[in-house]
Amino acid sequence: MEQYYLGFDAGTQSVKTAVYDIDMNLIVQDTNATILNYPHPGWVEMDADQYLHATVTGIRNCVTKMKEKNLDPDNIRSIFGDGIICGIVGVDKDCHAITPYINYLDSRTKEDVEELASHHYEIWAKETGNPQPNCMFPAMFARWMMNNCEGFKEKGRKFMHNAPYILANLAGLSAEDAFIDWGTMSGWGLGYRVTEKKWSKEQLEILGIPMEMMPKIQKPWDIIGTLSETFAKETGLKPGIPICAGAGDTMQSMIGCGVIKPDQAADVAGTCAMFCIATDGINEELSKPENELIFNSGTLENTYFYWGFIRTGGLALRWYRDNVCNEAGNGAYFDELNEKAQNVPCGSKGVLFLPYLTGGFGETSNASACFLNMTMDTDQGVQWRAVLEAIGYDYMSVTDIYKKAGVPLEFMTITEGGSNSEVWNQIKADMLGCKSATLENAQGAVLTDAVIAAYAVGDLEDPSQVFEKTRKIKKIYEPDPIRTKYYRSIYEQQRKLIKDDMAAVFETLHQISKIQEQSND
């Protein structure tokens with residue numbers, strides 16, 4: 001009898017669903033888009049139930065595709081999902097969403113973050129590896145929901161991430177059974193003891209979040225329930241299929257890149273671009289507040305990593321395609337843009353793009369997005385390359401921190417959607433002065449989900465061996481030392497421009513935005 005495993009990746013822009021066999025060959029897959037809403041400047045909201053519906057649709061479509069291939073979906077042995085680590089929704093006693101789903105792109109908690117950070121609590125870095133609050137942390141979203149969402153004040157029971165929300169509903173669980181895996185737990189940023197995999201009573205008291213509102217912490221491969229009769233009918237699957245606790249998307253992408261051992265590096269080139277370095281635990285040098293790095297626990301036992309983020313990485317690319325080129329939803333148009341950018345010299349003919357489409361953070365909290373230094377010969381190819389290079393400059397700021405801490409950076413793996421752009425892959429290799437590689441099996445997190453799903457039901461003994469076997473290099477990108485030096489000189493000027501020269505301009509633009517917002521009220 002054939003054995004199949006279903007995984008889904010609930011990301012910012014879509015839910016990817018796929019089925020693999022025991023040899024981790026892709027059988028069928030499906031993708032369904034999700035929608036971002038921007039009710040106020042700096043606010044980014046989503047609908048948790050849209051995630052659930054997109055997943056159900058994806059499963060149903062995969063079932064249909066399996067039947068078209070004369071494959072029996074009744075042989076699906078388990079279900080495993082991953083989702084965004086920095087994003088939560090508040091649920092009632094029946095595990096139904098009663099708040100918006102808020103994720104890492106949102107900056108509404110800025111003032112609360114600044115106030116909490118002013119206390120300089122040492123417990124943050126000691127227990128979590130994260131030295132200060134951050135606007136992207138679910139811990140801050142939870143505080144906002146408790147104070148501002150009337151529905152949650154009346155009926156709120158638990159806070160949940162998007163993948164656990166989907167999995168719990170598929171299993172028909174109530175809020176009493178709400179859960180979170182230990183990797184996604186670390187996505188909270190604050191409120192837990194990262195090495196002990198437990199919520200921290202002391203931290204939660206400082207945050208003002210009741211312990212009873214936190215989901216119970218599970219291992220990613222724990223079985224939390226089985227597919228309910230209701231969702232069996234909606235998806236076309238048989239009821240009773242084991243459902244796992246799931247994992248965080250970044251954690252799964254890290255494994256898919258082969259980043260498990262200390263000092264291995266990965267570029268997770270998704271909507272929120274991340275540059276990750278694996279470690280054997282908390283590194284005091286990397287956990288300094290000024291570094292603005294995030295520390296997390298991995299999916300596998302005793303694995304940890306730091307990452308620096310570029311919040312509008314992939315989102316900036318979609319914005320340019322959809323809003324500037326008017327090619328919304330046309331994935332093939334990215335290829336046209338990349339071809340145009342290939343013929344543009346390094347430095348984009350002096351044109352710079354500042355990618356702060358959802359606002360800045362830290363020292364550049366009032367930053368906004370803009371193109372600078374354009375001329376009459378600036379065209380789409382120049383602008384597109386400037387967008388790619390803008391994200392690359394943010395990568396440079398992150399990798400400089402790792403290098404300063406003594407972390408070697410000689411080889412990195414590039415994964416997720418951004419890895420499909422050869423011109424961007426080469427730009428990154430040149431900018432960072434680092435040999436880079438893409439993988440043949442670009443399914444990323446979903447493939448990793450299937451491996452853990454098989455492990456959860458005892459069909460695989462050692463997932464690490466499978467990860468090594470399935471990781472195959474597609475192409476190597478060698479850095480050009482001349483270009484590396486050139487990008488470094490531009491980067492130094494770009495940093496000065498953003499931190500010094502543009503500070504007053506950003507403040508003025510911020511005031512203009514406030515005036516416009518007030519006029520629309």
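Predicted, not measured: the structure shown is a model, and the values here were computed from it.
In plain terms, the two heavy atoms of Gly7 and Asp449 that are nearest each other are CA-CB, 4.1 Å. Of all the heavy atoms in Phe411 and Ala437, the pair that sits closest is CZ-CB, 3.5 Å. The two residues Lys197 and Tyr304 come nearest to each other via the heavy atoms NZ-OH, 3.1 Å. Summarising the geometry of Met251 relative to Ser186, their closest heavy-atom pair is CE-OG, 3.6 Å, with the distance given to 0.1 Å.
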**Request:** Go through Phe80 and Leu167 one step at a time and tell me if the side-chain contact (heavy atoms from CB on, under 4.5 Å) criterion holds.
**Result:** CA-CA 8 Å; Phe80 191 106; Leu167 294 164; over 6 Å; no

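Within the 4.5 Å cutoff, side-chain heavy atoms of Leu317 are placed close to those of Leu388. The side-chain heavy atoms of Asn162 and Val89, taken from C-beta on, include no pair separated by under 4.5 Å. Considering only heavy atoms from C-beta on, Ile427 comes within 4.5 Å of Tyr487 through its side chain. Taking 4.5 Å as the limit, some side-chain heavy atom of Met24 sits within range of a side-chain heavy atom of Val451. At least one side-chain heavy atom of Gln203 sits under 4.5 Å from a side-chain heavy atom of Trp124. Contact check for Tyr491 versus Ser397: side-chain heavy atoms found under the 4.5 Å cut-off. Thr109 has its side chain out of reach of Arg143: every pair of non-hydrogen atoms, C-beta onward, lies at least 4.5 Å apart. Between Ile498 and Tyr356 there is a side-chain heavy-atom pair separated by less than 4.5 Å.
In terms of modelled atom types and a separation under 3.5 Å, the side chain of Thr279 and the main chain of Ile277 share no donor-acceptor contact. Between the side chain of Arg385 and the main chain of Val344, a donor-acceptor pair closer than 3.5 Å is present. With Asn373 contributing its side chain and Gly350 its backbone, the two residues share a donor-acceptor pair below 3.5 Å.
Partners of Glu492 under the side chain to side chain contact (heavy atoms under 4.5 Å, CB included) rule, at least two apart in sequence or in another chain, are Arg488. Taking Tyr320 as the reference, Trp384 meet the ring-ring contact (aromatic ring centres under 6.0 Å, His included) condition, with sequence neighbours excluded. Applying the ring-ring contact (aromatic ring centres under 6.0 Å, His included) criterion to Tyr101, with sequence neighbours excluded, gives Tyr51. The ring-ring contact (aromatic ring centres under 6.0 Å, His included) check on Phe159 picks up Phe152, with sequence neighbours excluded.
Residue pairs meeting the salt bridge (charged side-chain N to carboxylate O under 4.0 Å, His left out) criterion with at least one member in residues 117-138, sequence neighbours excluded: Glu127-Arg193.
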Identify every side-chain donor-acceptor pair in residues 258-266 under 3.5 Å, counting partners at least two apart or on other chains, and give the distances.
unit_1, atom_1, unit_2, atom_2, d
Gln264, OE1, Ile260, N, 2.7
Gln264, OE1, Lys261, N, 2.8

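For the pair Lys216 and Asp181, the salt-bridge criterion is not met [side-chain N within less than 4.0 Å of a carboxylate O].
With no hydrogens or angles considered, a side-chain donor-acceptor pair links Tyr104 and Thr12 at under 3.5 Å. Side chain to side chain, Asn338 and Gln342 fail the donor-acceptor criterion of an N or O pair below 3.5 Å.
Of the candidates Tyr306, Phe305, Phe275, Leu293 forms a side-chain contact (heavy atoms from CB on, under 4.5 Å) with just one, namely Tyr306.
Ring geometry, His161 versus Trp188: the interplanar angle falls from 30° to 60°, so the pair is classed tilted.
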